[in-house]
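Here is the structure we will look at, set down as structure tokens.
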Amino acid sequence: MTAFSGVVETELRSRVSELLAHRYQHPVAPEFIVIKLPPAEVKADFTIVVFPLAESAGVPPQQLAEQLAAELPTLWPEIDKAEAIRGYVNLLLSDRFWCDFLLQQRTNPHYGHATTKQPRVLVEFCGPNTNKPLHLGHLRNIFIGYAVSEILQAVGHEVIRVNILNDRGVHICKSMLAYKKFGKHETPESSGVKGDFLVGEYYVRFEQELKKQIDALRAEGMSEEEARRNAPLQQEVQQMLQAWEAGDPEVRGLWATMNNWVYQGFAQTYRKLGVWFHKEYFESETYLKGKQLVLEGLKKGVFYQKADGSIWADLSDEGLDHKLLLRSDGTSVYITQDIATAVERWNDFAPAQMIYTVASEQDYHFKVLKAICRRLNLPFAEGIHHLSYGLVELPTGRMKSREGTVVDADDLIDEMKATAARYSAQHGKIADLSQAEQQQLFQDIGLGALKFFILKVHARKRMVFHPEESIDFHGFTGPFVQYTHARICSLLAKAGTLPAEVNLPSSLQSVEREVLRTVYRYPATLAEAAAELEPAVLANYLYHLAKSYNQFYHELPVLQVEDSAIRTFRLLLSDFVRRILADGLSLLGIPAPRRM
RNA sequence: GGUCCGGUAGCUCAGUUGGAUAGAGCAUCAGCCUUCUAAGCUGAGGGUCAUUGGUUCGAAUCCAAUCCGGAUCACCA
């Protein structure tokens, strides 16, 4: 009911509420009074929607609107003009109010950020398998998870960032087996191939060789399923998995070696992306641990056992199915180890919430996980939250690493960087920077384009990525916002130091007012982005702020203004916008270069 | 089949939680650099908000049904 709003809305609500109570004997709680931003054509800062009030008060809307318009300015002197039009009261605040707002807030080092402490939360993101490099899907996950972490921190939460490494299982053995058979002892060093890519090559190689064997068997007359089961590689990889689980030293040794290659590769990519974790959890360390919890649950009667010995949860009373928790041979399944991992995290950090950044294909899984933790009476059960996001697909459909149809994260980052370099060369504005500075700048812009491209879309939507249509650097993009920031930096550099004592201009231009109105919305925007766990809210806002600043910049001179009050005011406004752009971008994990 | 998610301009997406004539970007067309960074600014064209019904003073937004696309319901992870 109460939308995300700021100090003015709060003030207006309480004034209107008082007015209705005292003057019209019609009490309405402030939070039920609807304050909106008027459409662009209307020359006003805020709009009170009178219809709901009129209805319950039994007064015609236009009549009540006129009464409010007549009385409100006397109750709150900051209201310069109040007009009643077709059941709306359009309010224009005074120039003085907006100037004061700028002067007060520009020195606030935490503008938009919360000053009160919020509970500790844990955010899991990334979640790679250790048999292949990170791809575009991981990038969306990482960008969302990182940005949500930053945003939650901005509104006062202590945020613990964790990763989950899917480092064991048959798919990991596949690359190991292929390496053992075809690897000829090559290493990342000897081959010059980044560790995660090297391991990924063997994963693909396994699938290729397996397919050959299957095709050969089918040519001999076996069915698809039969051939798959009987292919020698399939049997070998199962044996390898058993050897791994039995702790076979040779298999474990190869596993550790290859996983370390992958981790070194990941570390490079994380560094490039600017992300990090407080702690990494390894499935190899938790996959056995959930069993005890399940057995306790069985003892307490929250689960049941079938005749074959397998253990199940009956969740049908809450619209979910029966869920297997332990196989008939007593081994764990995926969800069993997830329970264990959650318990471990609870013991490590005791967070009020555990947020899992995981693709929407696992929506059902997380419903089940939460339900089971609840039934086990685990203290963190209610705090489990699945931050679900839509898959990134290619025009040809889903990315399949087995078939090699993936967009590798590193490759994409490099392409973006190259594109940024091409644009920069065209514009020729940064030729005086050193080579190293230029390289860093290209990286910042390329990553800015990529991260913004992904984050500006609401997480729940799935997105199709067209590799041949390169990501844009103009319009509603990261570079546009970065450019606006750099432009302001340049302006301020030419202006020198900002004066401490300020005279305010006597009146504001409409573009200035529009920029101030947008600046005003920043705290409410952050609050909304945090509450919704939705970086897109922030990305959209930053674009609008940059857009309105560019209009201001184009329409009005700053440095050449004679009147020192106006010149100073515009510089301060520019500086404030610059700060918000830089702050907002950094919450999205996007650097804000000072030149470009 | 059950459940969940999505459907808004040619394309990619917003839409302030039920409010005024539905907005951006890209693409197309037309303008603006002897002035603070043209990765910018201004303008034009482009819409049956999937469909139908309902609730309401008022619906892209809420409800129901239908259509289309996707995911999921494994002794896989």
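Below, read A as the first sequence line, B as the second, and so on, with proteins coming before strands; counting in each chain starts at 1.
As rounded to whole Å, 13 Å separates atom C1' of B:A77 from atom CG of A:Leu324. Taking atom CZ of residue A:Phe453 and atom P of nucleotide B:A14, one finds them 12 Å apart after rounding to whole Å. Between the P atom of B:C36 and the CZ atom of A:Phe569 lies a distance of 22 Å, rounded to the nearest Å. Atom pair A:Asp363:CG and B:G70:P shows a separation of 17 Å (rounding to whole Å applied). One atom, NE2 of A:His485, and another, C1' of B:A39, lie 15 Å apart when rounded to the nearest Å. Taking atom CZ on A:Arg398 and atom C1' on B:G70, their separation rounds to 10 Å, with Å as the unit. B:A74 atom C1' lies 15 Å from atom NE2 of A:His322, rounded to whole Å. For the pair A:Glu283 CD and B:C76 P, the interatomic distance rounds to 15 Å; values are reported in whole Å.
The residues A:Arg13 and A:Glu9 are annotated as not salt-bridged, no charged nitrogen and carboxylate oxygen being separated by less than 4.0 angstrom. Remark: A:Asp45 engages A:Arg513 in a salt bridge, criterion side-chain N to carboxylate O under 4.0 Å. The existence of a salt bridge linking A:Asp432 and A:Arg595 is confirmed by a sub-4.0 Å separation between a basic side-chain nitrogen and an acidic carboxylate oxygen. At a threshold of 4.0 Å, the pair A:Glu245-A:Arg168 counts as salt-bridged, since one of the basic side-chain nitrogens sits closer than that to a carboxylate oxygen. By the 4.0 Å N-to-carboxylate-O rule, A:Arg517 lies close enough to A:Glu514 to be salt-bridged with it.
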Given pairs defined as Watson-Crick or G-U wobble with both distances under 3.5 Å, what dot-bracket annotation applies to RNA chain B, with ( ) intrastrand, [ ] crossing, | other strand and . unpaired? (((((((..((((.....[...)))).(((((.......))))).....(((((..]....))))))))))))....

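The aromatic ring of A:Tyr483 does not sit over the base of B:G40; the criterion of centres under 5.5 Å apart with planes under 30° is not met. B:G40 has no base stacking with the ring of A:Tyr553 when judged by centroids under 5.5 angstrom apart and an interplanar angle below 30°.
Residue A:Val358 comes nearest to A:His386 through the heavy atom pair O-NE2, 2.8 Å, listed as atom of the first residue, atom of the second, then distance. Taking all atoms of both residues into account, the shortest heavy-atom contact from A:Thr484 to A:Ala546 is OG1-CB, 3.5 Å. The two residues A:Ala530 and A:Val155 have their closest heavy-atom pair at CB-CG2, 3.6 Å.
Comparing B:A27 with B:U66, their P atoms sit 42 Å apart, to the nearest whole Å. For the P atom pair drawn from B:G58 and B:G6, the interatomic distance equals 27 Å after rounding to whole Å.
In this structure B:C32 sits in the anti conformation; its chi angle is more than 90° from 0. Base orientation for B:U17: syn, the chi torsion being within 90° of 0.
Residue A:His427 has a polar side-chain atom (N or O) positioned under 4.0 Å from OP1 or OP2 of B:A39. Contact annotation: A:Arg327 reaches the phosphate of B:A77 (side-chain N/O to OP1 or OP2, under 4.0 Å).
Here B:C36 is the nucleotide among B:A20, B:C26, B:C36 with the atom lying nearest to any side-chain atom of A:Val558. Set against B:A24, B:U17, B:U8, the side chain of A:Lys461 has B:U8 as its closest nucleotide.
Residue-level contact check: A:Lys429 touches the bases, meaning some heavy atom is under 4.0 Å from a base atom. Residue A:Ser388 is out of contact with every strand shown, counting any heavy-atom pair closer than 4.0 Å. Using a 4.0 Å heavy-atom criterion, one finds that A:Gln560 contacts the bases of the nucleic acid, with or without backbone contacts as well. Among the heavy atoms of the strands, none lies under 4.0 Å from A:His544.
Mapping A:Pro52 and A:Leu559 onto RNA chain B by nearest heavy atom places A:Pro52 at the nucleotide closer to the 5' end. Each of A:Glu393 and A:Met596 lies near RNA chain B, and the nucleotide nearest A:Met596 is the one positioned closer to the 5' end.
A side-chain donor from one of A:Tyr304 and A:His322 sits under 3.5 Å from a side-chain acceptor of the other.
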